[in-house]
2 protein chains.
Amino acid sequence: MHSYTEENYLKAIFNLSAEKGEVSANEISVQLKLKMPTVNSMMKKLAVKKLVHYESYKPIKLTEKGKKEASLIIRKHRLTEMFLVQKMGFGWEEVHEIAEQIEHLQSPIFFERIDALLGYPKIDPHGSPIPDKTGKMEWIKYEKLSSCKAGDTVRLAAVIHTTDEFLKFLNIRGLQLGLKIKIKFVEKFDSSMIVSYNKSNTEMLSETECERLLVEKI
Amino acid sequence: MHSYTEENYLKAIFNLSAEKGEVSANEISVQLKLKMPTVNSMMKKLAVKKLVHYESYKPIKLTEKGKKEASLIIRKHRLTEMFLVQKMGFGWEEVHEIAEQIEHLQSPIFFERIDALLGYPKIDPHGSPIPDKTGKMEWIKYEKLSSCKAGDTVRLAAVIHTTDEFLKFLNIRGLQLGLKIKIKFVEKFDSSMIVSYNKSNTEMLSETECERLLVEKI
DNA sequence: GATTTATGTTAGATTTGTCTAAGTTATAAT
DNA sequence: ATTATAACTTAGACAAATCTAACATAAATC
């Protein structure tokens, strides 16, 4: 179908344009660690294949076709991450790199089997939604922890902008999805929070950290 | 390390030269479905990398380094096949194609985990030995079923020159590794055999089929 | 509004892995 | 032993994906 390389572009564009619906060529080049002319020529190629809307000097958007293709790759990525955690005993901080490779496998039966063995999961180990077979994906509307107030009690639902380091940071503090967290205090000048959970733990979380934690109010 | 393409050449050369210790460029081109000049230029490249011994108009041999690299890819392939069968419920006829892709993953922890989850298996689902981490592999010296005589009782130990079709053929007849088989009769003119197993089954196996079944005498 | 800076584009080179066409060497057949 | 066939090599072309250098446009700043 599409090359490994094209798939990586589609995924990058999808992720980078998640909020605004469009990306600059520059952002893509930073994300994929490629030079701008490389991105430029790939955009022309993807435009010919009707995967992106591309006009000179304008931001890049995925077409409907492009979005679907990207979603299906992300589906494979997230199913794989879930399988690695649930069935192979990996930590949530170990799975990204492996899934980056497995997501490109061309084998519908392989991913169908993973899906079935996992019981058709709706979210991945980081709380991100897994697109369905048609490429549809729905983000449940969680709040950022950073937007909560002192006194709120919330449940940790997802981690965004995950890096191995941040996930290890959460591991050390015993912070995992589903955990009930009580916000004790919000520092005025830097928006850091004092939170408690698991009956005994009390921790300070910086604003950056709170921006990356999605929660649902209880 | 080495490219996906180079890995496929190494594996092909390893498999094709298993018996004689050397291969012709022509055999490689047939195996990989590539034209001869393509193979020729790759041989020069692999020779520069000290992975093969190559001299004009002479058969191709893997160097020790080349053998080790090839064995480690085959190790990943066979571990993967075992995992797909034992842990994911695939049939032995379904796993080759998937393992062909997974064998190229660059992730030592992934294959170490597979190995551990399987309990460090020594053979794959088709009875082929799995090389160890240093690339060493030992074929237990099985006999071909075709070399056995009427009256012999044997245990099915491995299937060689496997194709999906042949494995499905065995599935239909309930022939699986470990099975005790009694040779009832050997037809003189075509070397086909009448065998019985599982108390009730009696089947005729052609010479070609018997050549592909490795057994140990009981 | 003019100028500087950041972003985007074009042109052309490079690497990898493939091909076809043409020529060379070895092997098989008469 | 000569010839015919099969196997191998060389030369040169091509596509994919990358790069650098030079140029063009848009955005930001003064």
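Just so we're on the same page: letters track the sequence lines, and every chain starts at 1.
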Do NZ/NE/NH1/NH2 and the carboxylate oxygens of [X] and [Y] come within less than 4.0 Å?
X: A:Lys11; Y: A:Glu100; result: yes
X: B:Glu94; Y: B:Lys168; result: no
X: B:Arg75; Y: B:Glu103; result: no
X: B:Glu81; Y: B:Arg78; result: no

Whole-Å gap separating [atom2] ([N]) and [atom1] ([X]):
X: A:Ile60; N: C:dG8; atom1: CD1; atom2: C1'; result: 9 Å
X: A:Ile28; N: C:dT9; atom1: CD1; atom2: C1'; result: 15 Å
X: A:Met42; N: C:dT9; atom1: CE; atom2: P; result: 15 Å
X: A:Met43; N: C:dT7; atom1: CE; atom2: P; result: 17 Å
X: B:Tyr57; N: D:dA6; atom1: OH; atom2: P; result: 17 Å
X: B:His2; N: C:dT15; atom1: NE2; atom2: P; result: 19 Å
X: A:Asn8; N: D:dT18; atom1: CG; atom2: P; result: 9 Å
X: A:Glu6; N: D:dT18; atom1: CD; atom2: C1'; result: 14 Å

Do the ring centers of A:His96 and A:His77 come within less than 6.0 Å of each other?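 Yes; A:His77 has its ring centre under 6.0 Å from that of A:His96.
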Apply the test side-chain contact (heavy atoms from CB on, under 4.5 Å) to residues B:Ile109 and A:Ile98: give CA-CA distance (whole Å), side-chain angles for both, the deciding distance (0.1 Å), then the verdict. CA-CA 9 Å; B:Ile109 56 166; A:Ile98 304 174; 4.1 Å; yes
If you look at every strand shown and take non-hydrogen atoms under 4.0 Å, does [X] touch a base, only sugar-phosphate, or nothing?
X: B:Tyr9; result: sugar-phosphate
X: A:Lys44; result: sugar-phosphate
X: A:Tyr4; result: nothing
X: A:Asn26; result: sugar-phosphate

Dump every N/O contact between nucleotides 19-21 of chain C and the protein below 3.5 Å, one line per pair.
from: C:dC19; atom 1: OP2; to: B:Lys35; atom 2: N; distance (Å): 3.1
from: C:dC19; atom 1: OP2; to: B:Thr38; atom 2: OG1; distance (Å): 2.6

For [N], does OP1 or OP2 lie under 4.0 Å from any side-chain N or O of [X]?
X: B:Ser24; N: D:dA7; result: no
X: B:Tyr54; N: D:dC8; result: no
X: A:Asn40; N: C:dG8; result: no

Both conditions, 6.0 Å and 45 degrees, for the charged tip of B:Arg173 above the ring of B:Phe169: are they met here? yes
